[in-house]
Amino acid sequence: MFSEDEYRLDFFVDEGFQRKKCEKCGKFFWTRDGQRKTCGDPPCDPYTFIGSPIFKREHTLDEMREHYLSFFQARGHSRIKRYPVVARWRDDIYLTIASIADFQPFVTSGQVPPPANPLTISQPCIRLDDLDSVGRSGRHLTTFEMMAHHVFNTREREIYWKDRTVRLCDELLAGLGMDPLAVTYKENPWAGGGNAGPSVEVMVGGLELATLVFMDLKAVAGGPIQIKGECYEKMNNYIVDTGYGLERFVWASTGSPTIYDAIFPHLVGKVADLAGVEHDLADPEYAEIFAQNARLAGMVDLDEYSMKDLRAMIAKSIGTSPEKLERTIEPMERVYAVVDHTRCLAYMLGDGIIPSNVKSGYLARLVIRRALRLMKELGLDLPIADLVEMQISRLDYPDWEERFVTVREILTQEEQKYAETLEKGKRLVKKSAEHFKKLEQAVPLAEMIALYDTHGIPPEIAKASAEEMGATVELPDNFYSLVAKKRIKAEAEEEAKAVVPGKTELLYYENPFDQVFEATVLDVTAEGWAVLDRTLLYPEGGGQPADHGTLERAGQEFAVVDVQKSGDAVLHKLDRAGLQKGDRVAGKVDMRRRLAHARHHTATHLVHDSAKRILGRHVWQAGAQKSEDRARLDISHYRRITEAELKAIELEANRRVMELTAVDTQFLPREEAEKLFGFELYQGGVPPGKQIRVVRVGSDIEACAGTHVTNTGMIGAIKILRSERIQDGVERIEFAAGEAAVRAVQERDDLLAQASGVLRVPAEQLPRTAERFFEEWKGQAKEIERLKEELAKARLRSLAAEAEEADGLKIVVQRMGKADIDELLKAAALLAEQDCTVLLGSETGKLVAAVGKSGLEKGLKAGAIIKAAAKALGGGGGGRPELAQGGGPDVAKLEEALAAGREAMRA
RNA sequence: GGGCUUGUAGAUCAGUGGUAGAUCGCCGCCUUCGCAAGGCGGAGGCCACGGGUUCGAAUCCCGUCAAGUCCA
């Protein structure tokens, strides 16, 4: 816990604030109001702003955002453009969940300077944690804008800290016309993601408008400061992290019953109209229902309260029945949620998320399906793309409008996909329901979980259609948590590799085509890795494998078989021991390998850029790997790449090769590079460091640390080999560049030549000939089948004639030359039809037994006969009582086998 | 990144190691003025692909490819 000193700011003292302890929750807060006894935070205080706005006039989202940003701009903050809602620069989160997320991890850790300092931003954020409450609580949103001002201080240079932060906040609120007595600043220590610090929540009218965090601690084992069981110490860089809820500010300015009516009244009205739901907030009685709902939902933790309890509570407080309340409120809850979800989708798809079954794409699909379900419940019969388009046209992002063609296509496809899933689901449910109905059991929970978990059928839908079919269903309230429980939580913690000390000068950037260099051995590790003070050898990284080469010391040559980076040091794995610390060595790069990598690497950039041109701007690199003779590039795309598209990409990439474009590489300060080129720089992930290397190949500009050729002409040729879908929404393109491309084409030619050699036709006629052969082969197989049947019939007469009578049975035991199992089966089956008891054997070691009607009546079993016979051949067999087959490897003992089988027929 | 599931006739699916099936659709004939329905007959299968186990694999095991779905 933080002491009072942490919060006793000059501002509070100057302004006559008092520190009080909330008489309900016991937490400390600061107020100007001498009468105030509670902290201002629900449930200690209820919402009071509904119907009586906090601010003196209504603001729209755009007005409020502009007000905020210009307020801070006028007070020395630089205005920063928003970041995408998909956090491509992070590998720990998929979506941007807070404004500070824009600056993690490198700015907050101090490795990279901030784009401006101090700065102000309004960052769209997406949080799906409270998805179920959206629309119901009156305040929950999946998408919100976090307005913020951030300051990145260091011990050497402090810009401002707590006092000015709170002062600015108070001034902002006063400027909007808030009653100064209404605000409380509630002390609330903050901790998360390995950092912590004091923080205050800004409460007005029961609504938390902002949180001001003073992040100045980091988690360190054995650190001197303890918070919630963790040990922390002070950081050298300490950060003002504020978060002002744009939507809540707007809500506070309107005092409408729900946040939804405050922030997108037009769309709420429009969707309600389309769904035929009457929504007239001018009717005070009607408005009061939603107001009361929001007030009470604001007081409770929705995780702990069931919807039913809450409804009952609200119904009681406004003097109506829960059923009546539900009828009024439920359709609107869906309208609110649909409007919220489609806004969320506008951001997700606008910023380039491709719906998928993994990662951020899954989250997009989750929201799409939820929205579709809600729309269906509302009876809204229009494409979801229409609603998303409405959202996009209300947002001020011009580049999204041009992207809308793609977004519409994606949404249409998702709509179809979901319809198919539900259709398939219906059949599965039907089958399952019939099964359990027959057993006179309820459809068990395990089955419901399987339907949902494995086939994506929501339990509510499954239950409804199962009950339609007259089956009963077991469906507990905590269904989803039971599904979650089924999973095993196994989070493997990544082992932090020890960083090898030392700093190696990287020569390969300056002089990418130098082959030899001189260096001093700084150290040799126990595992035989040499650390050099400078090197031309490229360490593995960015999907490019390590260079190979040699290190020579006084005529002694050591082969370098691997190169890795560790911290600032480059490690060279040698094929044998002997090199010593302090040795001078002459290094040499295997240029063949280097060049092959460089060709594939530059080619990767070209293929990527071509894919973007052919498929659309939604294409992002999702991974890449190069080698000497192949490269592969994974890109985000919402459907399978067609053959035609693949060819177009290949042609486009080769045109760029032929244009002989120079490859331009330069180191730029990160913030400058980002300003110039935007986030599309980070196709291969975000590198750390103040300076980043920017590689430019014509229109393709990427942050990239790999080695490249200096001109696209050096690539020679690019041959795309294949594409595969590695995930829903991610396509992999495999290709070869340079010599490898030529060799790849030659290999294909060889295959073609071999195939046409086998069929003895020219390559052009291969497809036709292959098809003809295949058809003929099929026809012949059928013909053979037919002939065998005929043959069996023809033999029937002679075999039946040779039947011996014994024990009142007609018995046929015969060897049948080299007949195969099909022939034996057919003949035996036919004989059995004529009431024979049959055992047929072939010289290939196959046996078939069949028992006719009389035999069956006597209890003879074909399986038993075959077992006895096959045993003699050293094998086994089995089958049904009327027909069985078997065999064994000792072909020579066929006679004995037949005799043994004959014996078995006696029993 | 992890979990679960599925690839069998044009479609939907049965088929738990022993001669590959049903329903719908398709074709022909019968019935009918014609259509629908009905009756009889028929065509249509590398049981996703490649290995393995076995006397024998659609079925069991391994791998590959394709697809669905839930989660972090």
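Naming: A, B, ... by sequence-line order, numbering from 1 per chain. The structure displayed is predicted, hence computed values, not measured ones.
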Indicate whether the side chain of Arg639(A) and that of Gln413(A) have a donor and an acceptor atom separated by less than 3.5 Å.
-> no
Which residue lies more 5' along RNA chain B, comparing Ser360(A) with Ile821(A) via nearest heavy atoms = Ile821(A)
State which of C70(B), A14(B), U69(B) makes the closest approach to the side chain of Tyr452(A).
-> C70(B)
Give none if C35(B) has no partner; otherwise give the nucleotide forming a Watson-Crick or G-U wobble pair with it, both distances under 3.5 Å.
-> none
Is there a donor-acceptor pair under 3.5 Å between the side chain of Arg90(A) and the backbone N or O of Ala101(A)?
-> yes
Between U69(B) (P) and Lys359(A) (NZ): distance, integer Å | 18 Å
Apply the side-chain hydrogen bond (donor to acceptor under 3.5 Å, both in side chains) test between Asp634(A) and each candidate in Gln621(A), Gln727(A), Arg732(A), His608(A); give the one that qualifies.
-> Arg732(A)
Side chain of Val358(A) only, please: which of C55(B), G68(B), G1(B) is the nearest?
-> G1(B)
Options C70(B), U5(B), U19(B), nucleotide nearest the side-chain atoms of Leu883(A) = U19(B)
Closest listed nucleotide, where the reference is the side chain of His455(A) and the choices are A72(B), U5(B), C13(B) = U5(B)
Is the shortest distance from a Lys or Arg side-chain nitrogen in Lys826(A) or Glu785(A) to a carboxylate oxygen in the other one below 4.0 Å?
-> yes
Nearest-neighbour nucleotide for the Arg427(A) side chain, U5(B), A72(B), C13(B) considered = C13(B)
Rounded to whole angstrom, note down the C1' distance from G17(B) over to C60(B).
-> 8 Å
Ring center gap for Phe106(A) and Trp89(A) short of 6.0 angstrom | no
Of the candidates G68(B), A72(B), G18(B), the side chain of Gln885(A) sits closest to G18(B)
Taking atom P in both U32(B) and G15(B), what distance in whole Å separates the two?
-> 43 Å
Starting at the 5' end of RNA chain B and moving along, which residue's nearest nucleotide shows up first, Gly875(A) or Phe774(A)?
-> Phe774(A)
Does the side chain of Arg880(A) get closer than 4.0 angstrom to OP1 or OP2 of U19(B) through an N or O atom?
-> yes
Distance, C1' atom - from A14(B) to A9(B), rounded to whole angstrom | 13 Å
P-based separation of A43(B) from U23(B) [nearest Å] = 16 Å
Salt-bridge present (Asp728(A), Lys417(A); N to O < 4.0 Å) = yes
Is the number of heavy atoms from other residues, nucleotides or ligands under 6.0 Å of Glu771(A) CD greater than 12?
-> no
Could you tell me which nucleotide pairs with G21(B) by Watson-Crick or G-U wobble geometry, both distances under 3.5 Å, or answer none if nothing does?
-> C13(B)
Is any side-chain heavy atom of Ile811(A) closer than 4.5 Å to a side-chain heavy atom of Val813(A)?
-> yes
Please determine if Lys853(A) and Asp835(A) form a salt bridge, counting it only when a charged side-chain N lies under 4.0 Å from a carboxylate O.
-> no
Grab the two heavy atoms, one from Gln123(A) and one from Asp102(A), that are nearest each other, plus how far apart they are.
-> OE1-OD2, 2.8 Å
Electrostatic pair Glu790(A):Lys788(A) at N-O distance under 4.0 angstrom = no
What interatomic distance, in whole Å, is found between P of U8(B) and the corresponding atom of G3(B)?
-> 25 Å
Sub-3.5 Å pairs of nitrogen or oxygen atoms, protein against nucleotides 64-67 of chain B:
from	atom 1	to	atom 2	distance (Å)
A67(B)	OP1	Arg640(A)	NH1	3.2
A67(B)	OP2	Arg725(A)	NE	3.4

Rounded distance in Å between the P positions of G39(B) and A58(B) = 34 Å
Expressed in whole Å, how much space separates the C1' atoms belonging to G51(B) and C65(B)?
-> 14 Å
Could a donor-acceptor pair under 3.5 angstrom be found where the side chain of Asn357(A) meets the base of U69(B)?
-> yes
Check the distance between G18(B)'s P and Lys846(A)'s NZ and give it to me in whole angstrom.
-> 16 Å
I'd like a table of atom pairs between the protein and nucleotides 49-52 of chain B - only N or O on both sides, under 3.5 Å - with the distance next to each one.
none

State which of C4(B), U69(B), A14(B) makes the closest approach to the side chain of Thr454(A).
-> C4(B)
Now, which nucleotide makes the Watson-Crick or G-U wobble pair with C26(B), with each of the two distances under 3.5 Å?
-> G42(B)
If G63(B) has a Watson-Crick or G-U wobble mate with both distances under 3.5 Å, name it; if not, just say none.
-> C49(B)
Run the salt-bridge test on Lys424(A) and Glu420(A) with the 4.0 Å N-O cut-off and return the result as yes or no.
-> no
Spacing of Lys867(A) atom NZ relative to U54(B) atom P, expressed in whole Å = 18 Å
Does Lys426(A) NZ have over 12 foreign heavy atoms under 6.0 Å away?
-> no
Pairs under 3.5 Å (N/O, protein and nucleotides 41-45 of chain B):
from	atom 1	to	atom 2	distance (Å)
G44(B)	OP1	Lys782(A)	NZ	3.2
G45(B)	OP1	Lys778(A)	NZ	2.9
G45(B)	OP2	Lys782(A)	NZ	3.2

